[in-house]
2 protein chains.
Amino acid sequence: MFSIPMERQINTRQKTAIRDAFVEADRPLSPDEVLAGAQRHHPTLGKATVYRNIQSLVDEGWLQAVEVPGDSPRYEVAGKEHHHHFQCNRCKKLYELQGCIPSFKMKVPRGFRTTGHEFFLYGLCSQCNH
Amino acid sequence: MFSIPMERQINTRQKTAIRDAFVEADRPLSPDEVLAGAQRHHPTLGKATVYRNIQSLVDEGWLQAVEVPGDSPRYEVAGKEHHHHFQCNRCKKLYELQGCIPSFKMKVPRGFRTTGHEFFLYGLCSQCNH
DNA sequence: ATCGTTGCAAACTCTTTGCAGGATT
DNA sequence: AATCCTGCAAAGAGTTTGCAACGAT
């Protein structure tokens with residue numbers, strides 16, 4: 001038998017600053033937003049470190065990616081229930097919505113098999129809708 | 001009063017090859033797919049020309065952009081009714097679906113205003129689902 | 001002392017732009 | 001002939017990778 005060595009859990013100041021940025025923001029963040037948020041805790045943080053730690057947190061299962069149409073990827077704390085997102089047309093911030101749309105049946109071409117869906121609302125967030 | 005000069009409608013061989021690629025494919029195409037499809041009509045076509053002509057066709061209203069989560073933009077012939085898209089998980093091709101989902105009411109946070117939505121189905125297309 | 005992480009810079013990919021030559025009217 | 005378009009190559013923007021120095025154990 002082979003034993004799979006438990007990965008040592010390494011928490012550098014940089015990685016902690018990045019996790020804190022997600023907890024404080026409480027919404028999905030882009031790499032640039034992570035850099036800006038985490039630099040308030042650790043000003044010398046570099047962008048390569050942000051990209052590497054995002055990937056590391058995704059691999060650990062702490063983060064998960066949220067792909068957005070026509071914009072850079074966002075990442076959110078993993079483990080939440082199925083939900084969708086709202087993007088502000090002006091500031092481009094992404095927000096979490098509760099729940100899913102009511103059951104829907106979309107017709108797909110013959111021979112196609114559906115395995116999942118995505119849904120986005122667009123508009124103005126409270127900060128931009130004054 | 002100023003008169004707005006009517007743009008001369010210029011149709012080069014390259015632009016015609018690009019339009020033909022869309023008509024033949026009958027689905028939204030990425031810039032790379034346009035290049036590949038149009039090069040079958042005009043083998044020396046360059047990618048800068050593809051990008052410029054896509055932009056030109058969008059400006060003319062012949063094409064419209066279809067942004068996709070986590071993938072390069074697609075373009076489809078403009079003027080169709082409101083509809084959504086299906087993306088194949090394996091080959092990444094985008095397909096047009098008919099119609100929209102039945103009426104839905106998603107709760108948004110207070111102070112937010114909704115102006116639009118997007119919806120995507122994912123799965124396997126008939127070519128990849130054998 | 002060892003081994004993983006950081007931060008800079010270079011490499012990469014996708015897209016846009018500059019420019020000389022070519023095509024169209 | 002004048003003007004617009006093309007294709008190459010260089011420039012940008014966002015992301016990834018190489019590497020020497022740093023940090024933690």
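Fair warning: this is a prediction, and the values are worked out from it, not measured in the lab. Lettering of chains follows the sequences in order, A, B, ..., and the numbering in each one begins at 1.
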Can you tell me if [X] touches the phosphate of [N], counting only side-chain N or O atoms and a distance under 4.0 Å to OP1 or OP2?
X       : N      : result
A/Thr44 : C/dT6  : no
B/His42 : C/dA23 : no
B/Asn53 : D/dT6  : yes
B/Thr12 : D/dC4  : no
A/Gln14 : C/dG7  : yes

Nucleotide nearest B/Thr49 (side chain, heavy atoms from C-beta), chosen from D/dT6, D/dA24, C/dG7: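 From the listed options, D/dT6 comes nearest.
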
Taking only Lys NZ, Arg NE, NH1 and NH2, and the carboxylate oxygens of Asp or Glu, determine whether A/Glu60 and A/Lys15 approach each other closer than 4.0 Å. yes

Euclidean distance, atom [atom1] of residue [X] to atom [atom2] of [N] [Å, nearest integer]:
X       : N      : atom1 : atom2 : value
A/Asn11 : C/dT5  : CG    : P     : 10 Å
B/Arg74 : C/dC14 : CZ    : C1'   : 13 Å
B/His41 : D/dT6  : NE2   : C1'   : 18 Å
B/Ile18 : D/dC5  : CD1   : P     : 12 Å
A/Leu45 : C/dT5  : CG    : P     : 15 Å
B/Leu35 : C/dT16 : CG    : P     : 14 Å
B/Glu33 : C/dT15 : CD    : C1'   : 17 Å
B/Lys15 : C/dT24 : NZ    : P     : 14 Å

Any donor-acceptor pair under 3.5 Å linking the side chain of A/Ser56 with the backbone of A/Arg52? no

If only atom types and distance count, is the side chain of A/Asn129 paired as donor or acceptor with the main-chain N or O of A/Cys125 below 3.5 Å?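 Flag not set: sc A/Asn129 to bb A/Cys125 has no pair under 3.5 Å.
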
For B/Glu118 and A/His84, which I'm curious about, is there any donor-acceptor pair between the side chains at under 3.5 Å? no

For residues 71-79 of chain B, tabulate all N or O donor-acceptor pairs below 3.5 Å that involve a side-chain atom, not counting sequence neighbours.
unit_1: B/Asp71; atom_1: OD1; unit_2: B/Arg74; atom_2: NH2; d: 3.2
unit_1: B/Asp71; atom_1: OD2; unit_2: B/Arg74; atom_2: NH2; d: 2.9
unit_1: B/Asp71; atom_1: OD2; unit_2: B/Gln87; atom_2: NE2; d: 2.9
unit_1: B/Arg74; atom_1: NE; unit_2: B/Ser72; atom_2: O; d: 3.4
unit_1: B/Arg74; atom_1: NH1; unit_2: B/Lys92; atom_2: O; d: 3.2
unit_1: B/Glu76; atom_1: OE1; unit_2: B/His83; atom_2: NE2; d: 3.2
unit_1: B/Glu76; atom_1: OE1; unit_2: B/His85; atom_2: NE2; d: 3.0
unit_1: B/Glu76; atom_1: OE2; unit_2: B/His83; atom_2: NE2; d: 3.2

Using the benzene-type ring in the case of Trp, are the ring centres of A/His82 and A/His117 under 6.0 Å apart? yes

Are A/Tyr95 and B/Phe112, when compared by the centres of their aromatic rings, separated by less than 6.0 Å?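 Centroid separation for A/Tyr95 and B/Phe112: below 6.0 Å.
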
Identify all pairs in which a protein N or O lies below 3.5 Å from an N or O of nucleotides 12-18 of chain D, and state each distance.
unit_1: D/dT15; atom_1: OP2; unit_2: A/Tyr51; atom_2: OH; d: 2.2
unit_1: D/dT15; atom_1: O5'; unit_2: A/Tyr51; atom_2: OH; d: 2.9
unit_1: D/dG18; atom_1: O6; unit_2: A/Arg52; atom_2: NH1; d: 3.2

